[in-house]
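Structure first, then comments.
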Amino acid sequence: MKSFLTRLFRVISLSLRGESIDFTKGSINTSIILLAIPMILEMAMESLFAVVDIYFVGRIGVDAIATVGLTESMLTLVYSLAFGASMAVTAMVARRIGEKNPDGAAEVSVQSLWLAFSISLLICVIGLVFAGELLRLMGAGDAMVEKNSGYTRWMLGGNFVIMFIFINNAIFRGAGDAFLAMRALWISNGLNIILDPMLIFGVGPFPEMGIEGAAIATNIGRGVGVLYQFYHLYKGKGAIKFHHISWNINTTLIGRLIKVAAGGTGQFIIASASWVFLMRLMAHFGEDTLAGYTLGIRVLVFTILPAWGLSNAAATLVGQNLGAGNPDRAEQCVWRTGWMNMAFMGTVALVYYFFPYEVLAVFKAEGVVLESGVLTLRVLSLGYIFFAWGMVLAQAFNGAGDTATPTWMNFITFWVLQIPAAYCLVYLMDVGPLGVLSCVAAAEFVLVIISFVVFRKGKWKVVEV
């Protein structure tokens, strides 16, 4: 036992120091841990932006919170495009690294940045010119637009930093340099946490800028993180370096990136839209039930972060091992990661199922709110094991560059089966909130079954990217 803990501690230490290894050979378990730990911490850091901003903005007033919510809804488009593009970048960079072709990986990275710049420029122009009109379109009143449209203008106009931080981190993950992605977000979040109160409330020499200060702090934090990323892409010790790569636009390569990215974007939009619809169904049962459901979902999502870190590790390992001409090892990485993810989420599920009141005690919920949150935790935790495998298998397809397969599986599972079934249970059969929650858990089970069948066929092993 002592020797096992010693080895585990050494692997964790190597992961946090960013030690580079060849992920196409050696211990699969070590490879997973080396990649997963910084990826888990990276995702935790990404989630802090929204939490920190809403914490400080909440002290300004209700209209400020509403503006953040409306603007975040618009930024979903940016996140969808960045998420899809980052999947394509990770898959293609990992494949080139596995082929021992770092220059090819760098060329893919450069073209992905041109693509990100083009998308961001269009969104920037629209945001700077039509920020007020976009807020009105989302339902904001004239007073809110007049007072807070500056926040929306800064966030949409500065969407470059969102897009670049996503793409650069995807480059690092594909190259196996996950620790650099983690450090970039540490820097970004650290600056955001420091600057938020200073710029919002006018601390020290800073002017009081209100809600606009939150947007500026976020942009500065992300912007410095992007500069850190570019420094390492030019002069750092990572696997990819830009200093001798041409920056000429390669339309053929950009076209291939768009083709792979389209599936990733589709996955994000389909999944996100289904959750919005489920939220609308839960609203049918009243504010207290909806509030409890929201608390339950927040708790569930928070603990899913480590699982997504493990799943992202599977994507990198699949891409690099396919590039190295070793599809069998790529498949072994997926099965090993899936079992690890199942063990983690199964343990969490036991806690949520048997101790939901203790978990929700931190929110001081009572009455219907508490009971709704408890029901949410218990029912959805029953689907956690399936969710664990679903995430890993989806990222395995994405890591191979087959982003189309998870997209059509998500559409069938969520929009052909889950949503209609939940709608019928709520409005036609009057089952109550349990009907909606049961459909979510059942959908994850169906998705995993479909994923297993398709994955075992092995067509993902011959995808060219």
Side-chain angles (χ1 to χ4, degrees), residues 46-86 116-167 185 188-189 191-203 206-226 265 268-269 272-273 275-276 279-280 294:
E46 181 63 41
S47 69
L48 273 181
F49 274 107
V51 174
V52 170
D53 280 354
I54 204 68
Y55 173 79
F56 288 114
V57 167
R59 300 186 179 186
I60 301 175
V62 175
D63 62 332
I65 297 174
T67 301
V68 171
L70 294 177
T71 303
E72 284 293 324
S73 297
M74 288 184 266
L75 284 172
T76 299
L77 174 61
V78 179
Y79 289 121
S80 298
L81 294 170
F83 185 77
S86 66
F117 175 80
S118 302
I119 296 171
S120 296
L121 182 61
L122 177 61
I123 296 172
C124 172
V125 172
I126 293 173
L128 292 177
V129 177
F130 300 107
E133 287 74 8
L134 289 171
L135 276 176
R136 288 190 179 91
L137 186 64
M138 293 295 293
D142 290 340
M144 182 184 294
V145 171
E146 179 69 24
K147 185 178 179 180
N148 297 331
S149 61
Y151 176 85
T152 304
R153 187 169 290 107
W154 271 101
M155 291 303 294
L156 292 177
N159 80 94
F160 291 95
V161 293
I162 297 175
M163 194 71 71
F164 282 142
I165 211 162
F166 264 80
I167 297 300
L185 285 173
S188 298
N189 272 285
L191 282 173
N192 186 50
I193 292 171
I194 294 170
L195 291 176
D196 247 351
M198 291 183 173
L199 294 176
I200 293 173
F201 306 113
V203 177
F206 296 94
E208 183 178 348
M209 304 182 72
I211 189 173
E212 277 191 60
I216 294 171
T218 297
N219 281 334
I220 291 175
R222 288 188 189 272
V224 173
V226 170
T265 302
F268 188 89
I269 292 175
S272 298
W275 280 106
V276 171
M279 186 72 75
R280 177 64 185 84
T294 301

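These numbers come from the heavy atoms of this one structure, side chains and all, not from hydrogens, waters or symmetry mates.
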- Item | Separation of E208 CD from I60 CD1 (nearest 0.5 Å) | 8.5 Å
- Note on the structure: In terms of heavy-atom contacts, S149 and A131 come closest through O-CB, 4.0 Å
- Supply the atom-to-atom distance I211 CD1 to L199 CG, rounded to the nearest 0.5 angstrom. 13.5 Å
- For M144, which residues count as a side-chain contact (heavy atoms from CB on, under 4.5 Å) partner, sequence neighbours excluded? D63, A66, T67, L70, A140, N148
- Which heavy atom of A217 sits nearest a heavy atom of D196, and at what distance? CB-OD1, 3.5 Å
- Value for CZ (R222) from CZ (F166), rounded to nearest 0.5 Å, stands at 7.0 Å
- Taking ring-ring contact (aromatic ring centres under 6.0 Å, His included) as the test, write out the residues that go with F130, two or more places apart. none
- To the nearest 0.5 Å, what is the distance between OG1 (T218) and CG (N192)? 4.0 Å
Compile the donor-acceptor pairs under 3.5 Å between side chains in residues 152-160 and protein atoms, sequence neighbours left out, one pair per line.
| unit_1 | atom_1 | unit_2 | atom_2 | d |
| --- | --- | --- | --- | --- |
| T152 | OG1 | T71 | OG1 | 2.8 |
| R153 | NE | L128 | O | 3.2 |
| W154 | NE1 | E212 | OE1 | 3.2 |
| N159 | OD1 | S120 | OG | 3.1 |
| N159 | ND2 | S120 | O | 3.1 |
| N159 | ND2 | L156 | O | 2.8 |

- Message: Could you measure the distance from the OG atom of S188 to the CD1 atom of I193? Nearest 0.5 Å is fine.
- Response: 11.0 Å
- Hits for side-chain contact (heavy atoms from CB on, under 4.5 Å) against F268, two or more places apart or cross-chain, chain-then-number order -> T76, Y79, S80, F83, S272
- Between CG on residue L137 and CE on residue M74, distance to nearest 0.5 Å: 8.5 Å
- Message: Restricting to non-hydrogen atoms, name the atom on A116 and the atom on I167 that form the minimum distance, rounded to 0.1 Å.
- Response: CB-CG1, 3.9 Å
- salt bridge (charged side-chain N to carboxylate O under 4.0 Å, His left out) pairs touching residues 128-140, sequence neighbours excluded, are R136-D142
- Message: Let's go through F206 and F201 carefully: what are the C-alpha distance in whole Å and the side-chain angles of both, what is the deciding distance for side-chain contact (heavy atoms from CB on, under 4.5 Å) to 0.1 Å, and is it a yes or a no?
- Response: CA-CA 8 Å; F206 296 94; F201 306 113; over 6 Å; no
